[in-house]
Colleague: 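Provided herewith is a single structure, encoded as structure tokens, for subsequent inquiry.
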Amino acid sequence: MSLILYNTLTRTKEAFTPADPARVTMYVCGPTVYNYAHIGNARPAVVFDVLFRLLTARYPKVVYARNYTDVDDKINAASKAQGVPIKAITDKFTAIYRADMAALGVLPPTLEPCATDHIPQMIGMIEALLKNGHAYAAEGHVLFNVPSFAGYGQLSRRNLDEMIDGARVEVAPYKKDPADFVLWKPSTPDLPGWDSPWGRGRPGWHIECSAMIETHLGETIDIHGGGHDLIFPHHENELAQGTCAHNGATYARMWMHNGFLTMDKAKMSKSLGNIVTVHELLESTPGEALRWAILSAHYRQPLDWSDETVAQAKTTLDRAYRALEQVTAITAIPNAAPDAVIAALDDDLNTPKAMAEIAALVKALNQAATTPDKARFKGQLVAAGRLLGVLQQDPTAWFGAAKASSGVDAAEVERLIAARLAARKARDFREADRIRDTIAAMGVLIEDRADGTTWRVAE
RNA sequence: GGCCGAGUGGCAGAGUGGCCAUGCAGCGGAUUGCAAAUCCGCGUACGUCGGUUCGAUUCCGGCCUCGGCCUCCA
């Protein structure tokens, strides 16, 4: 089986073949750390985490870098507004982002480089661009000269004339061409800055990714990913400067972009204000349910986020964990994920299809009559879940978390269950049902099983 | 205006030229003291108008609607 991925550059699905199977390289644009990440920001982290898991299962070494943008004008604005150094802000939100993503089951990438740790490398790359004629210095700025790169526009499929027509931004006077973009810009004394051959300044938006890719992954990487809105201008510009800095070497062999998460069909974005942060969602919902909801739509499709989306995800996971709970005492036969699950993911990360296969495994586990069958299906289910980053908890922990966060008085529930058991033994079913109603009023459902009565928090 | 996407059953959401997605919800049955859970069964779904075809939700064209990028944005 081979992995097929959709390449934004060619707009087709292509077989993925790494340049060097001994060292697969992937770079995904990470967050600008000046605020809480919203659930839309989490989508690429989760999606590319699945890809990372898939690649790791197949190749001996996968180097996955996801950066933190910790120098940026929005950070500067927050720094001024709060009267604290930018590092106070970026450190805080980097830690929060890490914790939030961990709660979503996102594995730490191999590398998490920060922009501010790579200023010399950025300067070096800018110097290379100046040297080979693709950039120029003007009024303390250094700009990339877009017309110097014939391939400009290939990723976003647009040509310069059209862009000039549609331009909504005033063209800075020091630009040779309206499309030229900033590699380095001067900083006033009140702004963060670094000494450079062009005076004290700070990097433009795009150069950090190219410099960090060059530093950690090499001139050519296998996969470059990010959100759909990064195609233009960010990735188009990265592609231009990266290619030119390396005298025409391929910058990224495969470009992947996830679709948007929407609220009421409109893109979730900080500027629109229609956001819900991962942080606040985690207060009421297990991270695993959020992850399941994110993966319930194909990564290139839009995904409309609502309470209903999350509720359905949680209910579906409840069912899977209930199946696993039934076989807690049975040791799973260690197993690879079933071919059907792998085949689904191999087809451009078709996570909804993979989840349908997981549902089939849950059913098979529930149907299984013999211990060997149960052990086998349990192993397959857990292995399939591992690829998606779900179903790795102990069922008791999954249901226990729901109990804990519900605020239900567990001791009282247990006491009532004991009382009901006594009534049932006495065949006083009216009293037993009355007690159950009392328990139900607490928001708790009880289940009588062969091995005793269990309870769970109702939805 | 330019360039891109998308419209699937009550909801979410895959996919395919002719046969089953799947999950959630709902209905019926089994089971249960009654429930819950589980299992079994159940829905003439593919925006619209044409075209190609023996046959289209799936291919082609027009139209309508919605969204995205062109500015910071995952």
Side-chain angles (χ1 to χ4, degrees), chain A residues 8 11 28-32 37-48 72-74 77 153 156-159 161-170 179 205 225-234 236 257-262 264-272 275 292-293 295-306 308-320 322-323 325-326 344 347 350-360 362-363 365-367 369 424 427-430 432-433 436-437 440 444-450 453-456 458-459:
Chain A
T8 306
R11 311 281 157 120
V28 172
C29 291
T32 300
H38 60 68
I39 190 69
N41 296 132
R43 194 174 190 189
V46 170
V47 163
F48 289 103
D72 168 275
D73 285 347
K74 287 193 292 282
S156 57
R157 303 261 168 130
R158 55 189 84 201
N159 64 57
D161 297 340
E162 285 164 1
M163 289 191 311
I164 293 160
D165 291 343
R168 285 185 265 165
V169 198
E170 233 175 285
W205 176 27
H228 205 259
D229 51 353
L230 295 181
I231 295 173
F232 189 88
H234 185 51
E236 191 70 63
H257 296 94
N258 61 275
F260 291 123
L261 199 143
T262 59
D264 296 323
K265 305 293 182 191
K267 172 185 172 181
M268 183 180 286
S269 75
K270 285 170 186 163
S271 40
L272 286 178
I275 65 165
W292 187 274
L295 295 175
S296 68
H298 182 85
Y299 78 94
R300 284 192 282 118
Q301 296 303 121
L303 170 61
D304 203 47
W305 193 261
S306 68
E308 180 66 14
T309 314
V310 180
Q312 288 193 7
K314 188 169 175 302
T315 308
T316 304
L317 279 170
D318 277 342
R319 176 174 153 80
R322 218 174 284 132
E325 190 179 37
Q326 300 295 323
D347 183 13
N350 192 337
T351 50
K353 186 87 192 314
M355 289 157 112
E357 299 300 340
I358 282 182
V362 169
K363 177 166 282 192
L365 183 56
N366 280 330
Q367 286 172 322
R424 291 180 73 212
R427 300 198 65 79
D428 182 354
F429 294 121
R430 282 191 60 173
D433 288 349
R436 186 173 56 206
D437 290 345
V444 171
L445 282 177
I446 55 175
E447 301 176 13
D448 295 326
R449 296 185 189 168
T453 299
T454 64
W455 64 278
R456 61 191 172 91
E459 294 303 322

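For the numbers below, each heavy atom of this structure counts, side chains included, while hydrogens, waters and symmetry mates do not. Below, chains carry the letters A, B, ... as their sequence lines are ordered, and counting in each starts from 1. Source: prediction; values computed, not measured.
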Colleague: To the nearest Å, how far apart are A:Asp304 CG and B:rG68 P?
Modeller: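 The distance from CG of A:Asp304 to P of B:rG68 comes to 11 Å, rounded to the nearest Å.
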Colleague: What verdict does the side chain to side chain contact (heavy atoms under 4.5 Å, CB included) test give for A:His38 and A:Leu261, after you've listed the backbone C-alpha separation in whole Å, the side-chain angles of each residue and the deciding distance to 0.1 Å?
Modeller: CA-CA 10 Å; A:His38 60 68; A:Leu261 199 143; over 6 Å; no
Colleague: Assess whether side chain to side chain contact (heavy atoms under 4.5 Å, CB included) is satisfied between A:Asn41 and A:Lys270, documenting all intermediate values.
Modeller: CA-CA 10 Å; A:Asn41 296 132; A:Lys270 285 170 186 163; 3.9 Å; yes
Colleague: Looking only at atom C1', what distance separates B:rA74 and B:rU38, rounded to whole Å?
Modeller: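 About 41 Å, rounded to a whole number of Å.
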Colleague: In whole Å, I'd like the distance from the NZ atom of A:Lys265 to the P atom of B:rC66.
Modeller: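 Distance check: A:Lys265 NZ to B:rC66 P gives 13 Å.
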Colleague: Can you tell me if NE2 on A:His228 sees more than 12 non-hydrogen neighbours from other groups inside 6.0 Å?
Modeller: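 12 or below, so no.
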Colleague: Between B:rC69 and A:Lys267, is there an OP1 or OP2 to side-chain N/O distance shorter than 4.0 Å?
Modeller: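 Yes, within the criterion.
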Colleague: Please confirm whether the shortest side-chain N or O distance from A:Lys363 to OP1 or OP2 of B:rC40 is below 4.0 Å.
Modeller: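 A:Lys363 to B:rC40 OP1/OP2: side-chain N or O found under 4.0 Å.
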Colleague: Please determine whether a side-chain nitrogen or oxygen atom of A:Gln301 lies at a distance below 4.0 Å from atom OP1 or OP2 of B:rA12.
Modeller: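 Negative; the distance criterion is not met.
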Colleague: In whole angstrom, give the distance that lies between atom CD of A:Glu357 and atom P of B:rA14.
Modeller: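 Atom CD in A:Glu357 sits about 15 Å away from atom P in B:rA14.
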Colleague: For A:His38, report the nucleic acid contact type (base, sugar-phosphate, nothing); a contact means any heavy atom under 4.0 Å.
Modeller: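 Base, at least one base heavy atom under 4.0 Å.
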Colleague: Atom CD of A:Gln312 and atom C1' of B:rC24: how far apart are they, to the nearest Å?
Modeller: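 About 4 Å, once rounded to whole Å.
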Colleague: Side chain of A:Leu230, heavy atoms from C-beta onward: which of B:rG13, B:rC72, B:rA74 has the nearest atom to it?
Modeller: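 Selected nucleotide: B:rA74.
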Colleague: Looking for any heavy atom pair under 4.0 Å, which part of the strands does A:Asn41 touch: base, sugar-phosphate only, or nothing?
Modeller: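 Base: the residue A:Asn41, judged by heavy atoms under 4.0 Å, touches a nucleobase.
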Colleague: Would you mind reading off the distance between A:Lys314 atom NZ and B:rC11 atom P, rounded to a whole angstrom?
Modeller: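 Taking atom P of B:rC11 as the reference, NZ of A:Lys314 is at 23 Å.
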Colleague: Fill in the dot-bracket string of RNA chain B, one character per base: . for unpaired, | for a pair to another strand, ( ) or [ ] for pairs within the strand, taking Watson-Crick or G-U pairs under 3.5 Å.
Modeller: (((((((..(((.....[...))).(((((.......)))))....(((((..]....))))))))))))....
Colleague: Tell me whether A:Asp437 at atom CG has more than 12 heavy atoms from other residues, nucleotides or ligands lying less than 6.0 Å away.
Modeller: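 Result for CG/A:Asp437: enclosed.
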Colleague: Would you say A:Arg427 has more than 12 foreign heavy atoms packed within less than 6.0 Å of its CZ?
Modeller: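 It does not: A:Arg427 CZ has 12 such atoms or fewer within range.
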Colleague: Tell me: NE2 of A:His257 to P of B:rC70, nearest whole Å?
Modeller: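 That distance rounds to 13 Å.
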Colleague: Given B:rA14, B:rC39, B:rA74, which nucleotide is nearest the side-chain atoms of A:Gln367?
Modeller: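 Of B:rA14, B:rC39, B:rA74, B:rC39 is nearest to the side chain of A:Gln367.
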Colleague: So, OP1 or OP2 of B:rC34: does either fall under 4.0 Å of a side-chain N or O from A:Arg430?
Modeller: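 Indeed not, no polar side-chain atom of A:Arg430 lies that close.
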Colleague: How far does the P atom of B:rG61 sit from the matching atom of B:rC3, given to the nearest Å?
Modeller: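 After rounding to an integer number of Å, I get 15 Å for this pair.
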Colleague: So do A:Trp305 and A:Val310 actually touch side chain to side chain, heavy atoms under 4.5 Å?
Modeller: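 The answer is yes, as the side chains (C-beta and beyond) meet within the 4.5 Å cut-off.
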Colleague: Classify the nucleic acid contact of A:Leu261 as base, sugar-phosphate or nothing, counting any heavy atom under 4.0 Å across all strands shown.
Modeller: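 Base contact.
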Colleague: How far does the C1' atom of B:rU53 sit from the matching atom of B:rC59, given to the nearest Å?
Modeller: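 Going atom to atom, C1' in each nucleotide, I get 10 Å.
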Colleague: Across the strands shown, which category fits A:Ile446 at heavy-atom distances under 4.0 angstrom: base, sugar-phosphate, nothing?
Modeller: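 Counting heavy atoms under 4.0 Å across all strands, the contact made by A:Ile446 includes a base.
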Colleague: Identify whether the distance between the nearest side-chain nitrogen and carboxylate oxygen of A:Glu325 and A:Arg456 falls below 4.0 Å.
Modeller: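 Salt bridge between A:Glu325 and A:Arg456, a charged N being under 4.0 Å from a carboxylate O: no.
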Colleague: Separation of A:Met355 atom CE from B:rG15 atom P, in whole Å?
Modeller: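 Going from A:Met355 (CE) to B:rG15 (P), I get 14 Å.
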Colleague: How far does the P atom of B:rC20 sit from the matching atom of B:rG41, given to the nearest Å?
Modeller: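 Each nucleotide's P atom is 15 Å from the other's.
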Colleague: For the OG1 atom of A:Thr351 and the NE2 atom of A:His298, what is their distance to the nearest 0.5 Å?
Modeller: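 Going from OG1 on A:Thr351 over to NE2 on A:His298, the span is 7.5 Å.
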Colleague: Looking at A:Asn350, does any N or O in its side chain come under 4.0 Å of the phosphate oxygens OP1/OP2 on B:rA14?
Modeller: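 Checking A:Asn350 against B:rA14: no side-chain N or O falls below 4.0 Å of OP1 or OP2.
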Colleague: I'd like the C1' distance from B:rC11 over to B:rG68, given in whole Å.
Modeller: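 24 Å, rounded to whole Å.
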Colleague: Would you indicate, yes or no, if B:rU38 has its OP1 or OP2 atom less than 4.0 angstrom from a side-chain nitrogen or oxygen of A:Arg319?
Modeller: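 Yes, A:Arg319 has a side-chain N/O under 4.0 Å of OP1/OP2 on B:rU38.
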Colleague: With sugar-phosphate meaning primed atoms plus P, OP1 and OP2, does A:Asp448 contact a base, only sugar-phosphate, or nothing at under 4.0 Å between heavy atoms?
Modeller: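 Base, at least one base atom sits under 4.0 Å.
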Colleague: With a 4.0 Å cut-off on N to O distance, would you call A:Asp229 and A:Lys267 a salt bridge?
Modeller: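 Counted as a salt bridge, because a side-chain N and a carboxylate O are separated by less than 4.0 Å.
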Colleague: Taking atom types as they are modelled, is there a donor-acceptor pair under 3.5 Å from the base of B:rC34 to the side chain of A:Arg436?
Modeller: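 A donor-acceptor contact between them is present.
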Colleague: Answer yes or no: are there more than 12 heavy-atom neighbours, outside A:Arg430 itself, under 6.0 Å from its atom CZ?
Modeller: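 Counting other residues, nucleotides and ligands, CZ of A:Arg430 stays at 12 neighbours or fewer.
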Colleague: Over how many whole Å does the gap from A:Leu295 atom CG to B:rA12 atom C1' extend?
Modeller: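 Checked: the CG to C1' distance equals 14 Å.
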Colleague: Report the residue (A:Pro302 or A:Asp229) whose heavy-atom-nearest nucleotide on RNA chain B is the more 5′ of the two.
Modeller: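 It is A:Pro302, whose closest nucleotide lies nearer the 5' terminus.
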Colleague: Given B:rC70, B:rA74, B:rA37, identify the nucleotide with an atom nearest to the side chain of A:Phe260.
Modeller: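 The listed nucleotide nearest to A:Phe260's side chain is B:rA74.
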Colleague: Applying a 4.0 Å non-hydrogen cut-off, can you work out what A:Ser271 is touching in the nucleic acid: base, sugar-phosphate, or nothing?
Modeller: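 Base contact.
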Colleague: Should the side chain of A:Glu308 and the base of B:rC24 be counted as holding a donor-acceptor pair, with the cut-off at 3.5 Å?
Modeller: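 Checked by distance alone, the answer is no.
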Colleague: For A:Gly40, answer base if it contacts any base atom (sugar-phosphate contacts may also be present), sugar-phosphate if it contacts only those atoms, and nothing otherwise; contact means non-hydrogen atoms under 4.0 Å.
Modeller: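 If one applies the 4.0 Å heavy-atom cut-off, A:Gly40 turns out to touch a base.
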Colleague: Looking only at the side chain of A:Ala356 (C-beta and beyond, no hydrogens), which of the listed nucleotides B:rC34, B:rG13, B:rA21 gets closest?
Modeller: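 Shortest atom-to-atom distance from the side chain points to B:rA21.
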Colleague: So if I take every side-chain heavy atom of A:Arg11 and compare against B:rA37, B:rC4, B:rA14, which nucleotide ends up nearest?
Modeller: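 It is B:rC4.
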